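Report on the following structure.
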Number of protein chains: 2
Amino acid sequence: MLDVAKAANVSVATVSAVINGSAPVSPELRSRIEQAIQVIGYKRNAIARSLKLGTTRTVGLMVADITNPFFTDVVAVIQDVLHRAGYAVMLCCNDEDVEMQDEQIELLIDRSVDGLIIAPAGDDETLKRIIAGANLPTVLIDRLLDGIDTDAVVLDNRRAVQDATLYMIGLGHRRIGYISGSLETSTGRERLAGYKAALEAAKLPYEDDLVRIGNFREKDAYKATMQLLTSAERPTAIFSANNLMVIGVMKAIRDICLKCPEEVSVASFDDFPWADVFQPHLTTIAQPVQAIGEQAAQLILDRLSGKSPAAPRRLVLQGRLMIRESCRPVSLTPRAIA
Amino acid sequence: MLDVAKAANVSVATVSAVINGSAPVSPELRSRIEQAIQVIGYKRNAIARSLKLGTTRTVGLMVADITNPFFTDVVAVIQDVLHRAGYAVMLCCNDEDVEMQDEQIELLIDRSVDGLIIAPAGDDETLKRIIAGANLPTVLIDRLLDGIDTDAVVLDNRRAVQDATLYMIGLGHRRIGYISGSLETSTGRERLAGYKAALEAAKLPYEDDLVRIGNFREKDAYKATMQLLTSAERPTAIFSANNLMVIGVMKAIRDICLKCPEEVSVASFDDFPWADVFQPHLTTIAQPVQAIGEQAAQLILDRLSGKSPAAPRRLVLQGRLMIRESCRPVSLTPRAIA
DNA sequence: CAGCCTATTCTAAACGTTTCGAACGTGTCA
DNA sequence: TGACACGTTCGAAACGTTTAGAATAGGCTG
């Protein structure tokens, strides 16, 4: 910028004025400066600008698992709308791990992001302290944090799972296995609550043996399903609390030489692009990923531009049960044998 | 930092010295300063540091499609190793679009990233000019750019597709449809070349009608497959040049009421976690995503630390044909009817 | 004891912006 | 003609670091 100023024979203040349009500049100088910018190929240094302005036009985005199609779909739309608003996105992934999560958040804050969009791995105190301490516009997605009162967009997880479970019960299933995500997350807890609520509504007993706690990943779900299916009285149906885990569930079913849906019915949270082209066509709960992403991005943009109400806004969206073919009436299911 | 200096009654230079360990400081002052840092809760401002040092410890990562599991797998490992090396990752996605690509790269460069890892959407001149002009350490992944000579890690696409095609030919298929990715990309071109090479090696004629150019996305692949399957003499097998497209292929097959593999064999580039649990078990070419990510990250780290050889390094990895059940001998395939 | 060396600490410039307030020239009005 | 307002331009400080080189103090050597 100094070079430009020299070349155009003006002060840096004037150059800054024409670049930012922040002050009136005579047409003559303006064109001289613009020309000098062209000639020199000048690009404003965003770092220096950030230092002075205290703003980076960058938002930090941390999701639990970048390998999970649900998150990547959401990330893609967030990225898209933020980019249109002139913001860059710094992406991290905590790998469903709280230690990693703290590190990553520190890294984002260290880089002076202007705001944070987070799908937390777990409910640890350190994270909450960091978030509170950073005093940045923050929006939580997918998962809430106990005692942290910020903007958020989440699903009505309880209702969605309740509906799905009720659907299975409606098919006559009485022993429904449940592969849970981590109970450290609000989604893990809410989804399980939905399962329990459905049981209760149907006056079915809740059995501890039927629920296994995983961590939203395929491997643990595989083990959990194995246990479920080799137990004394195996369930006639299984619900998986997310998309990655259902793959583990299906692998276990395959390895144990059972057939879905003939011998075990399966349903799962999160829809897939291929859910109705590969067999068995999975019955799932579809999340409105587009809306989640858009709303999250909009919430943070509103905060950043200071035009949000002071009170945090909490958006709760509804899932949609996509009934396909992986669940069938229990009357058609051969009796489970110990 | 000024506050810390005041609190400890020393100069900022000394504070800086203890924070960075860049100069010897007496134990007494050191502890006084460390204490002051604790009390104040001081955090060094990375922006100011970047401005002074001209380095951000951030690398820009642009992939073609963040929704594509291949890319997300690679991104995850790159992110992981860079994080361990103290680098943050700024992620963009060009959406397989060259305009977007230019914008995104500008955005990254504008943010003063220290290096670039790119899976380019296409071979446009603007991008090349920007890359050349930025004069940043750059590594290309997955796709090369004609005339840009940087570090890169790619797959031996030609060989992989040739093997897969030869495998199908070995099963007796003579009319093999090919759903290509964009020929603007090196992967698009190389994979098609592999298909052609296999045909040639088997002394089979290359027929224009059998190949359809998509853009690596599901929707176009669906249309392309529809055309292929409704053509006068439909192919007995179809190869899809990537993972997203094969879903379109399968949807088209379903919608046209054909059965895979009974009536059409299918194989595809890129493996899936669920490829051998949902039916039909897809035959695919698995890419070594872990290795690709690790090597790409290592290449950029080496460049950044200045310990690379001057000449660009180009790593070529091999794919692995995962033979499952979506291809069957043509003798078992009912004769295709016009 | 003077001179010198070493170890530690400090001063101040620099990184590239933005912006406040001052300065300047010109025209208007009383 | 002097006072003043207005429109434009500029000088300089500030953002929070790093670092070269100066300064200081103390100890050693001859």
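Side chains included, hydrogens not; waters and symmetry mates left out as well; all remaining heavy atoms used. These figures come from a predicted structure and were not determined experimentally. In what follows, chains are A, B, ... by sequence order, proteins preceding strands, each numbered from 1.
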Next on the checklist: Go through it in stages, so that I can follow the logic: the residues are A:L107 and B:H83, the test is side-chain contact (heavy atoms from CB on, under 4.5 Å), and I'd like the CA-CA distance, side-chain angles, deciding distance and then a yes or no.
Outcome noted: CA-CA 9 Å; A:L107 182 129; B:H83 171 249; 3.9 Å; yes

Item to check | Whether B:Q101 side chain and B:A121 backbone form a donor-acceptor pair below 3.5 Å | outcome: yes

Next on the checklist: For chain B and DNA chain D, what are the first and last nucleotides along the strand, 5' to 3', with at least one atom under 4.0 angstrom from a heavy atom of the protein chain?
Outcome noted: D:dG16 to D:dT19

Item to check | Pairwise distance CD(A:E96) to CG(A:N68) - rounded to 0.5 angstrom | outcome: 8.0 Å

Next on the checklist: What's the angle between the local helix axes at either end of the helix from C:dC1-D:dG30 to C:dA30-D:dT1, using five pairs per end and rounding to 10 degrees?
Outcome noted: 70°

Indicate every side-chain donor-acceptor pair of residues 3-12 of chain A with a distance under 3.5 Å to a residue at least two apart or in another chain.
from	atom 1	to	atom 2	distance (Å)
A:S11	OG	A:A13	N	3.3
A:S11	OG	A:T14	N	3.3
A:S11	OG	A:T14	OG1	3.2

Next on the checklist: The test is side-chain contact (heavy atoms from CB on, under 4.5 Å); show your working for B:L304 and B:Y87 and say whether it passes.
Outcome noted: CA-CA 11 Å; B:L304 288 168; B:Y87 280 84; 3.6 Å; yes

Item to check | Of all pairs that satisfy salt bridge (Lys or Arg N to Asp or Glu O under 4.0 Å), the ones with a partner from residues 300-312 of chain A, not counting sequence neighbours | outcome: A:D151-A:R303, A:D302-A:R313

Next on the checklist: Ignoring hydrogens, what is the shortest heavy-atom contact between B:M1 and B:Y42? Give both atom names and the distance.
Outcome noted: N-CE1, 3.2 Å

Checklist outcome for this item: Residues of residues 22-34 of chain B with a heavy atom under 4.0 Å from any atom of DNA chain C, listed by number, are B:P24, B:V25, B:S26, B:L29

Next on the checklist: So does A:N215 get a backbone contact from the side chain of A:S182, meaning a donor-acceptor N/O pair under 3.5 Å?
Outcome noted: no

Next on the checklist: Under a plain distance cut-off of 3.5 Å, with no hydrogens placed, do A:Q290 and A:E294 share a side-chain donor-acceptor pair?
Outcome noted: yes

Checklist entry - Can you list the steps and then say if A:L82 with A:I300 is a side-chain contact (heavy atoms from CB on, under 4.5 Å)? => result CA-CA 9 Å; A:L82 288 185; A:I300 198 83; 3.9 Å; yes

Return a table of donor-acceptor pairs under 3.5 angstrom between the side chains of residues 51-58 of chain B and protein atoms on other chains or two or more places apart.
from	atom 1	to	atom 2	distance (Å)
B:T55	OG1	B:D114	OD1	3.4
B:T55	OG1	B:D114	OD2	2.8
B:T56	OG1	B:S112	O	2.7
B:T56	OG1	B:D114	OD1	3.2
B:R57	NH2	B:A85	O	3.0
B:T58	OG1	A:R111	NE	3.1
B:T58	OG1	B:T56	O	3.1

Checklist entry - Less than 4.0 Å between a side-chain N and a carboxylate O, is that true for B:D149 and B:R314? => result yes

Checklist outcome for this item: Closest to the 5' end of DNA chain C, once A:K43 and B:N9 are matched to their nearest nucleotides, is B:N9

Item to check | Any residue of residues 10-20 of chain B with a heavy atom less than 4.0 Å from an atom of DNA chain C | outcome: B:V10, B:S11, B:A13, B:T14

Item to check | Sorted by number, the residues of residues 45-58 of chain B with heavy-atom contact under 4.0 Å to DNA chain D | outcome: B:N45, B:A48, B:R49, B:K52, B:L53

Item to check | Heavy-atom closest pair, residues B:P120 and B:N94 | outcome: C-ND2, 4.1 Å

In a table with atom names and distances, give each donor-acceptor pair under 3.5 Å that connects a side chain of residues 130-137 of chain B to protein atoms at least two apart or in another chain.
none

Checklist entry - What pairs with B:S22 under side chain to side chain donor-acceptor pair (under 3.5 Å), at least two apart in sequence or on another chain? => result none

Item to check | Contact state string [nucleotides 21-26 of chain C, B base, S sugar-phosphate only, - no protein heavy atom under 4.0 Å] | outcome: ------

Checklist entry - If we ignore angles and hydrogens, is there a donor and acceptor under 3.5 Å between the side chains of B:S16 and B:N20? => result yes

Checklist entry - Looking at residues at least two apart in the chain, or sitting in another chain, which of them share a side chain to side chain donor-acceptor pair (under 3.5 Å) with B:Q79? => result none

